[in-house]
2 protein chains.
Amino acid sequence: MTFASHAFPRVLETSIFRIGLDDSDKAHLGSLGFILRRYPPHAVISRQGDGEDRIFVIHSGWSCISTDLADGERQILDFPQKGEFVASRAFEGEAPESFTAQTELMVFEAPAKAFVAGLAHSPSLAGVLLGAVARQRAILVQHLTNLGRRSALIRTAHLLLELGVRLEKANAAKKYGFECPLTQYDLADALGLTAIHVNRMLRELRERGYLEFRHGSVHFLNREGLEHFAEFDAGYLRLPGET
Amino acid sequence: MTFASHAFPRVLETSIFRIGLDDSDKAHLGSLGFILRRYPPHAVISRQGDGEDRIFVIHSGWSCISTDLADGERQILDFPQKGEFVASRAFEGEAPESFTAQTELMVFEAPAKAFVAGLAHSPSLAGVLLGAVARQRAILVQHLTNLGRRSALIRTAHLLLELGVRLEKANAAKKYGFECPLTQYDLADALGLTAIHVNRMLRELRERGYLEFRHGSVHFLNREGLEHFAEFDAGYLRLPGET
DNA sequence: ATCGGTTCTTAACTTAGATTAATGGCGGCC
DNA sequence: GGCCGCCATTAATCTAAGTTAAGAACCGAT
């Protein structure tokens, strides 16, 4: 009994894999070789172009998945949260994305090969994985829509609302908001803006009485109003099978 | 022997599913109930919010996948091409995206349930599906990066280069370019720009000697130069297993 | 306690892309 | 043939967001 075999089932309870698996599936998941690892802040866990063959389940801490551009800029694709899984292109081929820790980060890791091979023995696990992949896709699609067709102000609000809901689903939010160690530069790289403009947008949201983002935590002041203003509908964050 | 059972194997030869399947897998695929259907231009095949349970493989024609915004605008997510598959959220739950024909469109359709159930009996098909899903994700990720961090000019070039490569892989490109029935409004909705600005960007690309887009066809004049200018690297369009 | 780095904040100015408006081409249809 | 609707094209103007610059607040390290 390693540390991992203790902690892993516990994380599953609030994870993306919590729905649709019976005990034997979960036992099976536990046998796929997930081990718990720790990365320090700013550690690059996998770099764009690597031949990557691990899959990850977040245990705690913040990280980001990003593409790196030629001129040194980056586009952040997502901030995966506790219980969510990361497998940029683990299902074969080189990783077109980087995975970087932002705070101290604890993740469960397993070799992708073992994981994929394991799917053949557990149809319900395969189904749950497809559901999780579909949810990731929906998140990416909303992000893309944000960048393409929404104003900077709404875009910023939308991202913070989304993170709020995802953290709630992972039981990692507070009643009024959530802890968020992201800098305004991080937000800018996710939102396709400059950090200066993000600062303006946060001020605007504060002045309009929607939310405060100070000292590393987001505090919703008028969440319902904000959701309406940002045309935010959390439906896309629901897991298949979740009510 | 229906029409479909004739045409379907033939399309597979140039499709996303061409690699990694042996004859028995292909026979299995053929038994999943794919039928060939025709949709007229502008037909809405599935609408955002539908409980959707079909999956599609494009046979011929152009279509788009999009999200519809409250104010009547839309963000086009992708233009799926011959041999590629479409299954917005078919793996359970409601479709957060619309699927619309742009020209006359021929597609193979099958019930998602039968397809997903079939995966359990064919591990290699499941693996190939995961690969196809990973490629779709990579396309989406490039699109997102385009919107977030690239200029309108490069963004436009990048999209046209991508479509060129995808059509070549489907054996549907000409030596110097490809037929493209998209309007500048369609491009605008994909690129997060206005049609007027797309027009300016196409003129600019023409004046710089990179490409011409006239009378429904894209003609590359200096493809290598353009790929360099647009930082375009087709690696992300490769299928796992493809050389 | 002081220094240096990182992050936040604000103001002044510039620019890429949106908006508005107008024109011409082209194909379908009565 | 002439009308109508869609699409391409261009110019003039406006605005959201970027750029540059410069402090202030905060933090850890010496």
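Atoms considered below: every heavy atom in the structure, side chains included; atoms not considered: hydrogens, waters and symmetry mates. Chain letters run A, B, ... following the sequence lines, proteins first, then strands; residues in each count from 1.
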Output one line per pair: protein atom, nucleotide atom from nucleotides 10-15 of chain C, and distance, for all N/O pairs under 3.5 Å.
unit_1 : atom_1 : unit_2   : atom_2 : d
C/dT10 : OP2    : A/Arg203 : NE     : 2.9

Pairs meeting criterion salt bridge (Lys or Arg N to Asp or Glu O under 4.0 Å) with involvement of [range], two or more places apart:
{"range": "residues 224-236 of chain B", "value": "B/Arg223-B/Glu227"}
{"range": "residues 139-153 of chain A", "value": "A/Arg149-B/Glu73, A/Arg149-B/Asp189"}
{"range": "residues 55-69 of chain A", "value": "none"}

### Message
Classify the ring geometry of A/Phe34 against A/Phe108: parallel below 30°, tilted from 30° to 60°, perpendicular beyond 60°.
### Response
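Perpendicular: the ring planes of A/Phe34 and A/Phe108 meet at over 60°.
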
### Parallel, tilted or perpendicular, as decided by the 30° and 60° cut-offs, for the rings of B/Phe232 and B/His158
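Correct class here is perpendicular.
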
Who are the salt bridge (Lys or Arg N to Asp or Glu O under 4.0 Å) partners of [X], not counting sequence neighbours?
{"X": "A/Lys82", "answer": "none"}
{"X": "B/Arg37", "answer": "B/Glu109"}
{"X": "B/Arg38", "answer": "B/Glu104"}

### Query
Would you say A/Leu144 and B/His143 make side-chain contact, with heavy atoms under 4.5 Å?
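Answer yes - side chains close enough.
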
### Query
Under a 4.5 Å cut-off applied to non-hydrogen side-chain atoms, are B/Leu187 and B/Thr156 in contact?
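Of all side-chain heavy-atom pairs linking B/Thr156 with B/Leu187, none is under 4.5 Å.
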
#### Entry: Net bend of the helix from C/dA1-D/dT30 to C/dC30-D/dG1, end axes of five pairs each, nearest 10 degrees
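The helix from C/dA1-D/dT30 to C/dC30-D/dG1 shows an end-to-end axis angle of 30°.
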
### Query
In terms of side-chain heavy atoms, does B/Ser98 have a donor or acceptor partner in B/Ser66 at a distance below 3.5 Å?
no

### Query
Is there a donor-acceptor contact under 3.5 Å from the side chain of B/Arg135 to the main chain of B/Leu237?
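It does hold such a pair.
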
Please state how far atom [atom1] in [X] lies from atom [atom2] in [N], giving the value in whole angstrom units.
{"X": "A/Leu193", "N": "C/dG17", "atom1": "CG", "atom2": "P", "value": "14 Å"}
{"X": "B/Met201", "N": "D/dT9", "atom1": "CE", "atom2": "C1'", "value": "14 Å"}
{"X": "A/His197", "N": "C/dG17", "atom1": "NE2", "atom2": "C1'", "value": "13 Å"}
{"X": "A/Leu202", "N": "D/dA17", "atom1": "CG", "atom2": "P", "value": "14 Å"}

### Task
Would you classify A/Gly192 as touching base, sugar-phosphate or nothing, given that sugar-phosphate means primed atoms plus P, OP1 and OP2, and contacts are heavy atoms under 4.0 Å?
sugar-phosphate

### Message
Does anything in residues 140-157 of chain A come within less than 4.0 Å of DNA chain D? Heavy atoms only, and list the residues if so.
### Response
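Only A/Ser151, A/Ala152 qualify.
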
### Task
For DNA chain D, find the residues of residues 177-191 of chain A with a heavy-atom distance under 4.0 Å and give them by number; none if there aren't any.
none

### side chain to side chain donor-acceptor pair (under 3.5 Å): pairs with one or both residues in residues 205-215 of chain B, sequence neighbours excluded
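Output for this query lists B/Glu204-B/Arg208.
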
Please tabulate, one pair per line, each protein N/O and nucleotide N/O from nucleotides 23-28 of chain D that are separated by under 3.5 Å, including the distance.
none

### Task
May I ask you to check whether A/Phe56 and A/Phe85 place their ring centers less than 6.0 Å from one another?
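Not under 6.0 Å, so no.
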
### Message
Using a strict threshold of under 4.0 Å (side-chain N to carboxylate O), is an ion pair present between A/Arg137 and B/Glu97?
### Response
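Salt bridge present between B/Glu97 and A/Arg137.
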
